[in-house]
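Working notes, beginning with the structure itself.
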Amino acid sequence: MLDEGLDELAARSHEGFPLRVAITVAVAVLCATLADWRQCFTWAALQTTSESIGWVMSRAQARGGPVMRRDRLGFLATLAFGCTSWMTLAGLMWVSPTSAGPVAAALLALSVIFFTQTNAYQSTLGFVVGGALPGIGMLVFLALGPNPHHIPRMPTLGLAVMALAFATDGVLRARQARRAFDQARDQLAASERAHRTLADNVSDIIALNTLDGRRLYLSPSARTTFGYDLEDIWNNNFATIHSEDARMVGREVAAMVERGDEVTLQYRMVHKDGRAIWVETNFSVAPGDGPDGPPMIVSVTRNIEARKALETELLEARRRAEDAAAAKSDFLANMTHELRTPLNAIIGFSEVLRRSP
């Protein structure tokens, strides 16, 4: 199974195509001063052709579209050919008639190995095919190939093996760091998906703004509550607040930001159809991203129309009860007065009759 990390490597390779072609031409010109120029420019032509094929085979990865298996195989083949081609040029420099040739060969070989080492962060397979195998081939060439300058083989091979070992160790560390990074990224993505699913499906309206009023997030429930599309209220935080309440809300939020605490406000919002809706919003100041990040304002808004209607009903019921109690008091006072008047007369006449013989 092909390493899917090749897709990331292919995308970056696609972007670096012009620079690599320019480097190929420059290296061919420099090496032509140390070896047969016809061999150097033939190498440059083959290498440029390989790079061009690799550029074509990596277009899908660079565009982020679906990647076919043949695309990955084609890119892997051009990567292997290209790195082997650079090692072949190093071999040509090794047997060149000038004394500077072996130095150029060592620099080319190390450049290929450490260049592919950086690619291991995306793909271990890319390093093996593009770096390790060509590097081993170069070691075999140094051990068994011609040695016109009579350079001591053992120390040369030892240093080359050490360089390849260092590169391999770097690859292992890079892959370990990549696995840790991927794991942390996946955990972060899962956490973000969970929080976004929660925020996107609650009935309360959750918003995140910068201190200067720039909107960072607005939950889709705003569309259901206020009837507006999110784009209509995204760039204007106070556009849907009732004109009689907007100044109060702005003043209280500014004071809350200055204090650095939180505040809960009840005010009216204007629905798209023109009616006023009572809402309750909890505003709070949240720390920004990182130690130096600017703080942000988190607001959680809920529709309290039902609560306001209940409060209105309770107030009306209380008023009716108070009116009824007042009417009862008036009735009893009137009845007491009406009863007291005839009773006074009856009591008086009774007293007169009691005293009469």
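The figures here come from the full heavy-atom set of this structure, side chains too, leaving out hydrogens, waters and symmetry mates. Just so you know, residue 1 is the first one in the sequence shown, and it goes up from there.
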Residues 20-30 side chain polar contacts: donor-acceptor under 3.5 Å, at least two apart:
unit_1	atom_1	unit_2	atom_2	d
Arg20	NE	Glu51	OE1	2.9
Arg20	NE	Glu51	OE2	3.2
Arg20	NH1	Ser13	O	2.8
Arg20	NH1	Gly16	O	3.4
Arg20	NH2	Ser13	O	2.9
Arg20	NH2	Ser13	OG	3.1
Arg20	NH2	Glu51	OE1	3.0
Thr24	OG1	Arg20	O	2.8

key: side-chain hydrogen bond (donor to acceptor under 3.5 Å, both in side chains) partners of residues 246-257, not counting sequence neighbours, each pair once   = none
query = Between the main-chain N or O of His242 and the side-chain N or O of Asp245, is there a donor-acceptor pair closer than 3.5 Å?
reply = no
query = Is there a donor-acceptor pair closer than 3.5 Å between any side-chain N or O of Asn282 and the backbone N or O of Ser284?
reply = no
ask   = Going from CZ on Arg63 to OG on Ser58, what distance comes out if it is rounded to the nearest 0.5 angstrom?
value = 10.0 Å
ask   = Stepwise, does the side chain to side chain contact (heavy atoms under 4.5 Å, CB included) test hold for Ile151 with Leu142?
value = CA-CA 10 Å; Ile151 297 175; Leu142 293 177; over 6 Å; no
From CD1 (Ile205) to OG1 (Thr301), nearest 0.5 Å = 5.5 Å
query = To the nearest 0.5 Å, how far apart are CD in Glu262 and CD1 in Ile297?
reply = 13.0 Å
ask   = Do Ile136 and Leu164 come within less than 4.5 Å of each other through their side chains, counting heavy atoms only?
value = yes
remark   = For Asn303 and Val279 the tightest heavy-atom approach is CA-CG1, 4.4 Å
Run the side-chain donor-acceptor check on residues 94-111: report pairs under 3.5 Å with partners two or more places apart or on a different chain.
unit_1	atom_1	unit_2	atom_2	d
Trp94	NE1	Pro146	O	3.2
Ser96	OG	Met93	O	2.7
Ser111	OG	Leu107	O	2.6

request  = Verify side chain to side chain contact (heavy atoms under 4.5 Å, CB included) between Met256 and Asp261, making sure each step is shown before the conclusion.
outcome  = CA-CA 6 Å; Met256 180 270 301; Asp261 55 6; 3.7 Å; yes
note = Between Ala276 and Glu305, the two heavy atoms sitting closest are O-OE2, 4.0 Å
task = Please report the closest heavy-atom contact between Arg153 and Leu144, naming both atoms and the distance.
result = NH1-N, 4.0 Å
Expected list for residues 78-91: side-chain donor-acceptor pairs under 3.5 angstrom, two or more places apart:
unit_1	atom_1	unit_2	atom_2	d
Thr78	OG1	Gly74	O	3.3
Thr78	OG1	Phe75	O	2.7
Thr84	OG1	Ala80	O	2.7
Ser85	OG	Trp43	NE1	2.6
Ser85	OG	Gln47	OE1	3.0
Thr88	OG1	Thr84	O	2.8

request  = Show the numbers, then the answer: is there a side chain to side chain contact (heavy atoms under 4.5 Å, CB included) between Val270 and Arg268?
outcome  = CA-CA 7 Å; Val270 180; Arg268 289 163 294 176; over 6 Å; no
ask   = With sequence neighbours left out, which residue pairs that include part of residues 254-278 fulfil the ring-ring contact (aromatic ring centres under 6.0 Å, His included) condition?
value = none
message = Between Ser50 and Leu46 (side chain of the first, backbone of the second, donor and acceptor by atom type, cut-off under 3.5 Å), is there such a pair?
response = no
remark   = In short, Ser299 meets Thr281 closest at the heavy-atom pair CB-CG2, 3.8 Å
task = Identify the heavy atoms of Ser219 and Asp204 that sit nearest to each other, and give their distance.
result = OG-O, 3.7 Å
query = Which pair of heavy atoms, one from Ile241 and one from Met269, lies closest together, and at what distance?
reply = CG1-SD, 3.5 Å
ask   = Between Glu8 and Arg12, does a salt bridge (charged side-chain N to carboxylate O under 4.0 Å, His left out) hold up when you go through it step by step?
value = CA-CA 6 Å; Glu8 183 179 352; Arg12 296 187 61 180; 5.4 Å; no
inquiry  = Holding to side chain to side chain contact (heavy atoms under 4.5 Å, CB included), I want the full list of residues that pass it with Glu316, two or more places apart in sequence or in another chain.
reply    = Arg319, Arg320
